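One-based numbering, in listed order, for ligands and for the atoms of each. If you're wondering where the values come from, they're calculated on a predicted model, not measured in any experiment.
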Amino acid sequence: MKLIRNTKAILVVAFFTTNLGAVFAAPPDAVAGKAKAQMCFACHGENGISSSAEIPNLATQPSLSITYQLIQFRGQQRKGGGMEGISMALSDQDMRDIAAYYSALPPPPAKSGNPEKITKGAQISSTQYCNSCHGAQLQGQKHIARLAGQSPEYLVTQLKNIRSGSRIDMDGTMGSAARGLSDEDIEALAAYAASLN
Ligand code: HEC
Ligand code: HEC
């Protein structure tokens, strides 16, 4: 009889701890995130500045944007750069911790570029409302990516992939924004975004 009561008590405690654990996830921890991000440094840099033009900078990228992209890679909705394999080992908590680490780093430096392209890009960013979602200085917000100081080659690739539909975005808003852009528009927008800090 006593044994049965104790077993019940243990089951009740176990029930509450598992459910509370699911509701109250640990807050994002940038220090733990740095340790977990060691395997990312070779490509994305310890300072969040990437080692090649095809690899995006992650420094100052909004944490929610990093987390959502990792979730999309892990779910195989987005593929590229081997990220769909790399993200499979990450738990939700790992993603939040790593995102907290990278988002708190100083932004990548502004890149110089062709002044005509940059001016044209600034105009398109305003007439096509890129800045109404990505921020006045394309600094990103919430789940919307930071474009400022990003590698222009990376931005061109992503815009073409989103335009063609080979990269599917989570709610379709970015797909509609990219659909009407010409190759020249994309080059200009990438040069403009890269020139911002
Ligand atoms: C072998 C190089 C490599 C490694 C290692 C790597 N990445 Fe990536 N990562 C890339 C490339 C390349 C892309 C661009 C993929 C594409 O073209 O869509 C990318 C894209 C991303 C993006 C999307 C950024 C955006 O602006 O949309 C995030 C977030 C990211 N990586 C996080 C990580 C994290 C976190 C790790 C470590 C757990 C990691 N990566 C390890 C190469 C790498
Ligand atoms: C209605 C809001 C909205 C508008 C307008 C918008 N975007 Fe986006 N953009 C997003 C969202 C949301 C994402 C993330 C999409 C995803 O992967 O699910 C995104 C992603 C991107 C990316 C990929 C970034 C990365 O790091 O991988 C680029 C590049 C981009 N947008 C450029 C632009 C440009 C250029 C314009 C204007 C022509 C524009 N966006 C207009 C919401 C918007």
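A donor-acceptor contact shorter than 3.5 Å is absent between the side chain of K142 and the backbone of S65. Remark: the backbone N or O of A42 is paired with a side-chain donor or acceptor of S51 at under 3.5 angstrom. A donor-acceptor pair under 3.5 Å is formed between the side chain of D94 and the backbone N or O of S91. Proximity of a side-chain donor or acceptor of D169 to a complementary backbone N or O of T173 within less than 3.5 Å is detected. Q139 places a side-chain N or O within 3.5 Å of a backbone atom of Q137 that can act as its donor or acceptor partner.
Remark: minimum distance from atom 38 (C) of ligand 1 to any protein heavy atom is reached at C40 SG, 2.7 Å. Protein heavy atom nearest atom 12 (C) of ligand 1, with residue, atom name and distance: G81 CA, 3.6 Å. The single protein non-hydrogen atom nearest to atom 14 (C) of ligand 2 is Q69 NE2, 4.0 Å, given as residue, atom name and distance. Looking from atom 22 (C) of ligand 1 to the surrounding protein, the closest heavy atom is F73 CE1, 3.7 Å. Of the protein's non-hydrogen atoms, the one nearest atom 23 (C) of ligand 2 is R167 NH1, 3.5 Å.
Ligand 1 has no nitrogen or oxygen under 3.5 angstrom from a nitrogen or oxygen of Y102. Close N/O approach between Y154 and ligand 2 is found [any backbone or side-chain N/O within under 3.5 Å]. The shortest N/O to N/O separation between E54 and ligand 1 does not fall below 3.5 Å.
Under a 4.0 Å criterion applied to the non-hydrogen atoms of L155, ligand 2 contributes the atoms 29 (C). Proximity to L189 (heavy-atom distance under 4.0 Å) selects the following atoms of ligand 2: 35 (C). The contact set between ligand 2 and Y129, taken as ligand atoms under 4.0 Å from a residue heavy atom, comprises 5 (C). The atoms of ligand 2 that sit less than 4.0 Å from any heavy atom of M170 are 16 (C), 18 (O). Near I86, with a cut-off below 4.0 Å to any heavy atom, the atoms of ligand 1 are 3 (C), 4 (C), 5 (C), 6 (C), 38 (C), 41 (C). Interface of C43 with ligand 1, defined as ligand atoms under 4.0 Å from a residue heavy atom, comprises 1 (C), 2 (C), 3 (C), 4 (C), 5 (C), 43 (C). Near R78, meaning under 4.0 Å from one of its heavy atoms, ligand 1 places the atoms 16 (C), 18 (O), 23 (C), 25 (C), 27 (O). With ligand atoms numbered from 1 in the order given, ligand 1 contributes 35 (C) to contacts under 4.0 Å with heavy atoms of I98.
The angle subtended at atom 8 (Fe) of ligand 1 by NE2 of H44 and SD of M83 is 170°, given to the nearest 10°.
Residue A37 comes nearest to Y102 through the heavy atom pair CB-CE1, 4.2 Å, listed as atom of the first residue, atom of the second, then distance. The shortest non-hydrogen separation linking I118 to A191 is CG1-O, 3.8 Å. Nearest heavy-atom pair across P28 and A100 is CB-CB, 3.9 Å. Heavy-atom minimum distance, I55 versus S50: O-OG, 2.6 Å. The shortest heavy-atom contact between A30 and Y101 is O-CB, 3.6 Å. The two residues C133 and I144 come nearest to each other via the heavy atoms O-CD1, 3.5 Å.
Taking a 6.0 Å sphere around CD of Q38, one finds it holds more than 12 heavy atoms contributed by other residues, nucleotides or ligands. Open room surrounds OH on Y129; 12 or fewer heavy atoms of other groups in view lie less than 6.0 Å from it. M88 CE: 12 or fewer foreign heavy atoms inside a 6.0 Å radius.
Residue-ligand proximity: Q61 is placed with every non-hydrogen atom at 4.0 Å or more from ligand 2. Within the structure, ligand 1 lacks T157 among the residues with a heavy atom less than 4.0 angstrom away. Under a 4.0 Å heavy-atom criterion, R146 is not in contact with ligand 1. Residue contacts with ligand 1 include Q158, since one or more of its heavy atoms lies under 4.0 Å from the ligand.
Heavy atoms of N161 found under 4.0 angstrom from ligand 1: none, in either backbone or side chain. Contact annotation for L159 and ligand 2: only side-chain heavy atoms (C-beta onward) come within less than 4.0 Å of the ligand.
L90 is listed as a side-chain neighbour of M39, based on a closest heavy-atom distance under 4.5 Å.
Which of I66, L58, I55, L90 comes nearest to atom 28 (C) of ligand 1 through a heavy atom is settled by distance: it is L58. Between A37, G48, P56, it is P56 that holds the heavy atom closest to atom 11 (C) of ligand 1. Nearest to atom 15 (C) of ligand 1 by heavy-atom distance, out of S65, G80, G33, A99, is G80.
Between D183 and R163 there is a salt bridge, with a side-chain nitrogen of the basic residue lying less than 4.0 Å from a carboxylate oxygen of the acidic one.
Between H143 and Y68, the ring-plane angle classifies as tilted under the 30° and 60° cut-offs.
Excluding waters, the set of protein N/O/S atoms under 2.8 Å from atom 8 (Fe) of ligand 2 reads H134 NE2, M174 SD.
R78 pairs in a side chain to side chain donor-acceptor pair (under 3.5 Å) with only one of the listed residues (E84, Q69, Q72), which is Q69.
Residues Y192 and Y154 are members of one and the same hydrophobic cluster, defined by side-chain heavy-atom contacts under 4.5 angstrom among Ile, Leu, Val, Met, Phe, Trp and Tyr.
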